[in-house]
2 protein chains.
Amino acid sequence: MGVPALSPKDQRGFRGSADASSAGFDAVDLKLLELVQTEGRITLSELGRRVSMSPAAVGERIRRLEANGTITGYTARVSPERLGYGIQAFVRLSPHGGITLCHFRTQELIHRPEILEVHHVIGEDCWILKIAVRNTGHLEELLEQLSSLGRTTTSIVLSSPVERSILLPPAP
Amino acid sequence: MGVPALSPKDQRGFRGSADASSAGFDAVDLKLLELVQTEGRITLSELGRRVSMSPAAVGERIRRLEANGTITGYTARVSPERLGYGIQAFVRLSPHGGITLCHFRTQELIHRPEILEVHHVIGEDCWILKIAVRNTGHLEELLEQLSSLGRTTTSIVLSSPVERSILLPPAP
DNA sequence: AGTGAAAGCGTAGACCT
DNA sequence: AGGTCTACGCTTTCACT
């Protein structure tokens, strides 16, 4: 998945530089990005108060951040434990010859709700999956199915000391 | 990080069963959980329309889902590419003897904004990190620092065919 | 690009079924 | 537990700067 092409009008924010890393966001944008990431349901009026602007003005800025693909959506965070998923794990998978992401057996599997993430990676193993399962029995069942696709290596998550909820541009 | 203890009043929704996997959510709760995960800024009035209830009633249900820890917060999703992070990667790290998560050098590192996630896992390697970096130079710099903590194995993300934005209780 | 005012909804509390 | 009513606050638009 690449970066979507910029339409001319959305290039407005970008400085002439070829380096995208510090491109196009002023201090207010950064503050807004921080605020909407930490408080997804914050009102435009409240955003306005926090950055000392009118609700209409921050509304326009947010609209632009959405339109140019910087803000891709809003979501509620839910607790996997509360939903009945007692175990989370990473599974690295080296697919057998002939197994690809398009393969129908792969498609069936990766659409299961327990499969939270599938990343196609370069390196020792080809795919990295993040999964959530009810218990060890459920884990066993899922791994059995996954092992038909390739050799799996499983790492059960004990704790997640960092799960950054906010992402800001890198320091230059 | 375990499941937080339930206060008596929050147990209301739970059926008598010892199995937490199907506990306490009726069809309306499930629909609400789906909706707030896909449209984090949806209004209570709109939620009410979608589930055929009054805004006040869904407001009360949402409040309960928040209070008992099922909904843990709301956030905007942002595009790492748009923010200037061209590369995402998983780094597996086997810490050297004496290096722990509490170690000051570890703490310094994991608070860097490029470190998106740190998971403590059981299995072949002890920690799994998810990172976002500007470019290969930035990656090299970060890996150099990480390698002082332990042996690293890096998998660069080519694409992420699944990044589930919504999580619902497992099928029973 | 930001402000201010006005119309139209959405929210939250009290009260009722 | 859900519905109704109402006062207040928020969003959105538009003319103006």
Side-chain angles (χ1 to χ4, degrees), chain A residues 6-17 22-77 82 169, chain B residues 6-17 22-77 82 169:
Chain A
L6 283 172
S7 69
K9 72 169 214 234
D10 292 330
Q11 294 178 357
R12 148 211 88 87
F14 283 72
R15 303 198 187 104
S17 162
S22 61
F25 304 109
D26 64 15
V28 174
D29 285 329
L30 296 185
K31 187 64 184 169
L32 293 177
L33 283 171
E34 183 191 324
L35 288 167
V36 293
Q37 286 181 85
T38 50
E39 301 173 47
R41 285 179 77 92
I42 192 172
T43 62
L44 297 180
S45 304
E46 183 58 27
L47 283 174
R49 268 172 234 127
R50 307 268 186 100
V51 301
S52 307
M53 289 206 313
S54 69
V58 297
E60 177 61 15
R61 277 173 179 263
I62 294 290
R63 200 199 55 72
R64 272 200 305 268
L65 290 170
E66 290 166 358
N68 75 16
T70 305
I71 295 176
T72 58
Y74 301 88
T75 180
R77 297 178 164 266
R82 276 279 188 256
Chain B
L6 284 172
S7 69
K9 74 171 214 257
D10 292 330
Q11 294 178 355
R12 147 214 87 89
F14 282 72
R15 304 197 186 105
S17 163
S22 61
F25 304 108
D26 65 16
V28 174
D29 285 329
L30 296 185
K31 187 66 183 167
L32 293 177
L33 283 171
E34 183 191 324
L35 288 166
V36 294
Q37 285 181 85
T38 50
E39 302 174 47
R41 285 178 78 90
I42 192 171
T43 62
L44 296 181
S45 304
E46 183 58 27
L47 283 173
R49 270 172 232 125
R50 308 270 185 99
V51 300
S52 308
M53 288 205 314
S54 70
V58 297
E60 178 61 15
R61 276 173 180 262
I62 294 290
R63 202 200 54 73
R64 273 199 304 267
L65 289 169
E66 291 167 357
N68 75 17
T70 304
I71 295 175
T72 57
Y74 301 88
T75 180
R77 296 176 166 267
R82 276 279 188 256

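The chains referred to below are lettered A, B, ... by the order of the sequence lines, with proteins before strands, and numbering in each begins at 1.
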Going by side-chain contact (heavy atoms from CB on, under 4.5 Å), name the residues that satisfy it together with [X], two or more places apart in sequence or in a different chain.
X	answer
B:T38	B:I166
B:A56	B:S54
B:R50	B:L35, B:E39, B:I42, B:E46

Exercise. What are the two closest non-hydrogen atoms of A:L44 and A:V58, and how far apart are they?
Worked result: O-CG2, 3.3 Å
Problem set entry | Smallest separation among heavy atoms of A:G40 and A:Y74, with atom names | O-CD2, 3.9 Å
Interface polar pairs with nucleotides 13-17 of chain C, N/O, under 3.5 angstrom:
none

Problem set entry | Strand-adjacent residues in residues 30-51 of chain B, judged by heavy atoms under 4.0 Å from DNA chain D | none
Exercise. What residues, two or more places apart in sequence or in another chain, satisfy salt bridge (Lys or Arg N to Asp or Glu O under 4.0 Å) together with A:E34?
Worked result: A:K31
Exercise. Who are the salt bridge (Lys or Arg N to Asp or Glu O under 4.0 Å) partners of B:R41, not counting sequence neighbours?
Worked result: none
For this session: Give a yes or no answer on whether the side chain of A:S45 reaches the backbone of A:P55 with a donor-acceptor pair at less than 3.5 Å.
Result: no
Exercise. Between C:dA1, D:dT4, C:dT3, which one does the side chain of B:S54 approach most closely?
Worked result: D:dT4
For this session: Would you give the length of the straight line joining atom CG of A:L65 to atom CG of A:D29, rounded to the nearest 0.5 angstrom?
Result: 5.0 Å
Problem set entry | Separation between CG of A:L33 and CG of A:L30, rounded to the nearest 0.5 Å | 6.5 Å
Exercise. So, is A:R64 close to the C:dA1 phosphate, meaning a side-chain N or O under 4.0 Å from OP1 or OP2?
Worked result: yes
Problem set entry | Terminal helix-axis angle for the helix from C:dA1-D:dT17 to C:dT17-D:dA1, with five pairs defining each axis and rounding to 10 degrees | 30°
For this session: Just do the salt bridge (charged side-chain N to carboxylate O under 4.0 Å, His left out) check on B:E60 and B:R63 with the steps written out, would you?
Result: CA-CA 5 Å; B:E60 178 61 15; B:R63 202 200 54 73; 3.2 Å; yes
Check the distance between [N]'s [atom2] and [X]'s [atom1] and give it to me in whole angstrom.
X	N	atom1	atom2	result
B:E60	C:dT11	CD	P	15 Å
A:R63	D:dT11	CZ	P	16 Å
B:M53	D:dT4	CE	P	12 Å

